[in-house]
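First up is the structure itself, then whatever we jot down about it.
Counting starts at 1 for both ligands and their atoms, in listed order. Note that these values count all heavy atoms, side chains included, but never hydrogens, waters or copies made by symmetry.
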Amino acid sequence: MPPFPHGRSVLARRLTAAVAASDPLPTPTMVVDLEAFDTNADDLARRAAGKPLRLATKSVRVPALIERALAHAGFSGVLAFTLREALWLHEQGISDDLVVAYPTVDQPALTRLVESPAAAAAITLMVDDLAHLDCVDSVRRSLAVPVRVAIDIDAGLRIGGQHVGPKRSPLYDAAAVSSLARRVVDRRGFRLVGAMTYEGQVAGLPDMVPTQRAKSLVVRGLKQASQSQLEERRQQVADSLRDVVQLEFWNAGGSGSVESTAADPVVTEVAAGSGLLVPTLFDHYRSFEPRPAAFFALPVVRRPGPGIATVHGGGLVASGPAGRDRLPSPYLPEGLHLTALEGAGEVQTPLTGPGAARLAVGDLVWFRHAKSGEVFEHANDVHLLEGDAFVDRVPTYRGHGLAF
Ligand SMILES: Cc1ncc(COP(=O)(O)O)c(C=O)c1O
């Protein structure tokens with residue numbers, strides 16, 4: 001892999017040069033560093049060790065960047081977050097292998113799916129309940145177009161009577177999965193083609209946080225227990241499914257677990273998205289080196305007092321359990337902090353710290369978002385940084401007028 005120019009000071013110089021050379025920019029100014037993005041894509045492929053990576057598009061939400069990732073060796077197919085998104089990506093010719101990662105009850109979108117043989121051949125729906133099949137049947141007038149489905153299987157850890165992991169599919173053991181699989185296979189108008197086990201408690205939990213050493217140790221233990229329990233259970237489920245159906249794919253994992261997920265012989269492909277842009281929630285993983293690739297700039301609009309600079313807007317807060325780790329982080333210039341009282345505000349965000357004193361009205365402050373794709377819901381386009389210049393400006397989903 002080519003060496004990656006690390007360090008905030010290098011990025012600061014590049015951003016400053018790119019801003020100086022461009023027309024005045026609307027704020028928030030979204031930027032993706034293509035050099036970091038491409039290095040991250042190569043690194044994800046290296047970690048997957050030959051297994052294909054299915055792109056989790058919710059973690060990108062910029063069509064041009066989705067296409068760029070899919071053009072990288074090692075990436076193949078899309079893991080979409082809604083059926084409407086999958087239909088759009090398919091219509092645009094961006095992919096003809098799309099798995100919708102979460103069950104859908106969106107009747108208008110299902111109607112479009114069952115009325116388009118081409119879309120139905122390209123898109124796979126996720127199910128974990130017969131009610132999901134009923135939803136499909138409720139919109140169709142004929143069974144002429146078979147609908148591809150995959151079964152979502154809970155990938156959580158069961159320990160001491162507790163369930164650790166995302167609360168998603170009710171299907172846990174081989175008997176429950178096979179029972180639903182048989183019902184799908186026996187039902188006219190459906191083709192069971194895949195399975196998914198997303199181990200969020202491994203893929204989505206930082207395990208090397210410098211300020212939380214004790215917690216990180218516990219998380220690492222939990223991840224190890226999860227992986228070995230899951231590997232055993234995946235094998236059992238796969239063995240019992242083999243009597244029912246020949247699957248095309250078994251999807252699992254995420255950016256934080258690429259190598260351990262890929263190592264499981266049952267898994268045929270690994271999902272990844274956040275590892276391309278590396279938001280702050282992905283800063284502290286033992287398994288990979290974080291290279292932040294997405295930034296947004298806000299202008300300083302006031303100096304309420306010495307040592308405080310206030311930027312316009314700023315409340316680009318990430319989803320999940322509300323907490324400080326969901327807030328955007330001031331990144332450049334260095335030495336800036338949010339205040340406890342206002343945090344990242346709707347209309348303004350005061351910043352303190354040693355860097356604040358040097359800021360003047362009109363200066364830009366660069367932030368990183370806590371999560372990967374959500375940040376792009378706040379702007380219509382993204383500037384692409386290569387070397388010291390913005391080489392292109394591309395629309396986000398929002399810029400395309402799309403809200404998935
Ligand atoms: C089903 C599924 N697979 C994979 C992922 C991992 O995506 P990422 O690589 O962006 O963390 C997620 C994230 O929430 C998910 O819901």
Residue, atom name and distance, where the atom is the protein heavy atom closest to [atom]:
| atom | value |
| --- | --- |
| atom 7 (O) of ligand 1 | Ala56 CB, 3.8 Å |
| atom 15 (C) of ligand 1 | Tyr102 OH, 3.2 Å |
| atom 9 (O) of ligand 1 | Ser255 OG, 2.6 Å |
| atom 5 (C) of ligand 1 | Tyr198 CE1, 3.4 Å |
| atom 13 (C) of ligand 1 | Lys58 CE, 3.2 Å |
| atom 11 (O) of ligand 1 | Ser274 OG, 3.3 Å |

field: Any donor-acceptor pair under 3.5 Å from Asp363 side chain to Ala360 backbone
entry: yes
- prompt: Would you find a donor on one side and an acceptor on the other, under 3.5 Å apart, between the side chain of Ser116 and the backbone of Arg112?
  reply: no
Any [X] heavy atom less than 4.0 Å from ligand 1:
| X | value |
| --- | --- |
| Phe282 | yes |
| Gly253 | yes |
| Ala272 | yes |

query: Is the count of non-hydrogen atoms from other residues, nucleotides or ligands lying under 6.0 Å from Leu143 atom CG greater than 12?
result: yes
field: Arg398 atom CZ, neighbour heavy-atom count above 12 within 6.0 Å
entry: yes
With no hydrogens and no angle check, just 3.5 Å: does a side-chain donor-acceptor pair link [X] and [Y]?
| X | Y | answer |
| --- | --- | --- |
| Arg234 | Thr197 | yes |
| Ser226 | Gln201 | yes |
| Arg158 | Gln229 | no |
| Glu377 | Tyr397 | no |

Could you tell me which atoms of ligand 1, counted from 1 in the order shown, lie closer than 4.0 angstrom to a heavy atom of [X]?
| X | value |
| --- | --- |
| Met196 | 1 (C) |
| Ala271 | 3 (N), 4 (C) |
| Ser59 | 8 (P), 10 (O) |
| Gly273 | 8 (P), 9 (O), 10 (O) |

- prompt: Looking only at heavy atoms, is any part of Arg168 under 4.0 Å from ligand 1, and if so is it the side chain, the backbone, or both, or is it neither?
  reply: side chain
- request: Report the relative orientation of the aromatic rings in Phe282 and Tyr285; use parallel for angles under 30°, tilted for 30 to 60°, perpendicular for over 60°.
  value: parallel
message: When you compare ligand 1 with Asn251, is there at least one nitrogen or oxygen pair between them that comes in under 3.5 angstrom?
response: no
query: Is the shortest N/O to N/O distance between Leu79 and ligand 1 below 3.5 Å?
result: no
query: Are Arg233 and Tyr172 in a cation-pi contact, defined as NZ or CZ under 6.0 Å from the six-membered ring centre and within 45° of the axis?
result: yes
field: Option of least heavy-atom distance to atom 6 (C) of ligand 1 (set: Ala203, Gly254, Gly275)
entry: Gly254
message: Any carboxylate oxygen within less than 4.0 angstrom of a Lys/Arg side-chain nitrogen, looking at Arg148 and Glu248?
response: yes
